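Because the structure is predicted, anything quoted here is derived from the model rather than measured.
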Amino acid sequence: MPKAKGKKRRQKFAYGVNRKRLYRSARRRAAPRIECSHIRHAWDATKSVAQNLAEMGLAEDPNKAVPIAKRGLLGMEVDSSGQAEGKKIVRKPYVLNEMEYEASLPEKKSNTLSRDLIDYVRYMIQNHGENYKEMARDEKNYYQDTPKQIKRKINVYKNFYPEEYKAFVASLKQEKMDVQ
């Protein structure tokens with residue numbers, strides 16, 4: 001096949017490009033990005049992966065760190081402690097300590113409900129109380145939810161925001177008392 005027109009031209013040398021910066025940025029892009037900030041800050045680029053991890057007290061190979069016991073003929077475990085491994089010195093124990101501390105923190109609840117659903121549920125409770133059939137016939141029931149679906153939405157709201165729900169119901173009771 002013939003070549004595309006204009007592709008025969010000789011490449012020109014780019015004099016305006018800083019080769020040193022280009023090489024450095026290419027090396028940085030080629031190196032893998034370490035997601036864990038603790039490891040990334042303690043990493044020494046002049047050392048190998050095995051050396052870096054050993055200094056931090058981390059395992060390079062999980063199979064070597066926690067060996068699997070070898071089994072004999074009848075399923076009896078055979079102890080393979082005949083080989084003595086050299087004890088590695090942990091020079092950067094703070095990395096391991098920081099990672100353990102971060103792992104021990106409780107996980108944040110990230111589940112929330114949409115503002116529209118919260119407003120919908122509060123409106124229904126405010127106007128109809130616990131009467132789900134009446135809620136299903138309400139004109140604000142745009143999605144034509146059945147009584148069971150509305151009840152499920154209210155229960156979800158109760159589970160997600162129990163304190164807010166209790167305060168809301170208490171304020172409704174207080175309003176009823178004030179009216180009478």
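The CZ atom of R33 lies 11.0 Å from the CZ atom of R28; values are rounded to the nearest 0.5 Å. Atom CZ of R152 sits about 6.5 Å away from atom CD of Q149, to the nearest 0.5 Å.
Taking a 6.0 Å sphere around CZ of R40, one finds it holds more than 12 heavy atoms contributed by other residues, nucleotides or ligands. Within a 6.0 Å radius of CZ in R21, no more than 12 heavy atoms belonging to other residues, nucleotides or ligands are found. For NZ of K153, the number of neighbouring non-hydrogen atoms (other residues, nucleotides, ligands) closer than 6.0 Å is greater than 12.
Applying the side-chain contact (heavy atoms from CB on, under 4.5 Å) criterion to V66, with sequence neighbours excluded, gives no partner residue. Annotation: salt bridge (Lys or Arg N to Asp or Glu O under 4.0 Å) contacts of E102 (sequence neighbours excluded): none. Residues satisfying the side chain to side chain donor-acceptor pair (under 3.5 Å) test with E134, not counting sequence neighbours, are H128, N131. For D119, the salt bridge (Lys or Arg N to Asp or Glu O under 4.0 Å) partners are R115, not counting sequence neighbours. In this structure, the side chain to side chain donor-acceptor pair (under 3.5 Å) partners of K47, at least two apart in sequence or on a different chain, are E55.
Residue I125 shares its hydrophobic cluster (ILVMFWY side chains chained together at separations under 4.5 Å) with L113, L117, I118, Y120, V121, Y123, M124, Y132, M135, I150, I154, V156, Y157, F160, Y161, Y165, F168, V169, L172.
By the 4.5 Å heavy-atom criterion applied to side chains, S25 and R29 are counted as neighbours. Within the 4.5 Å cutoff, the side chain of N141 has no heavy atoms near those of the R137 side chain.
Side-chain heavy atoms closer than 4.5 Å link hydrophobic residues (I, L, V, M, F, W, Y) into clusters, and following such links, possibly through other members, connects V49 to I39.
What you find for A14 and R19 is that their closest heavy atoms are O-NH2, 3.1 Å. Scanning both residues, Q51 and S48, for their nearest heavy atoms gives OE1-N, 3.0 Å. Contact detail for A50 and E60: the closest heavy-atom pair is CB-OE1, 3.3 Å. The two atoms that bring A42 and V95 nearest to each other are CB-CG2, 3.4 Å, heavy atoms only.
A salt bridge is absent between E98 and K92; no separation between the charged side-chain nitrogens and carboxylate oxygens falls under 4.0 Å.
Within the 3.5 Å criterion, the main-chain N or O of W43 finds no donor-acceptor partner in the side chain of N52.
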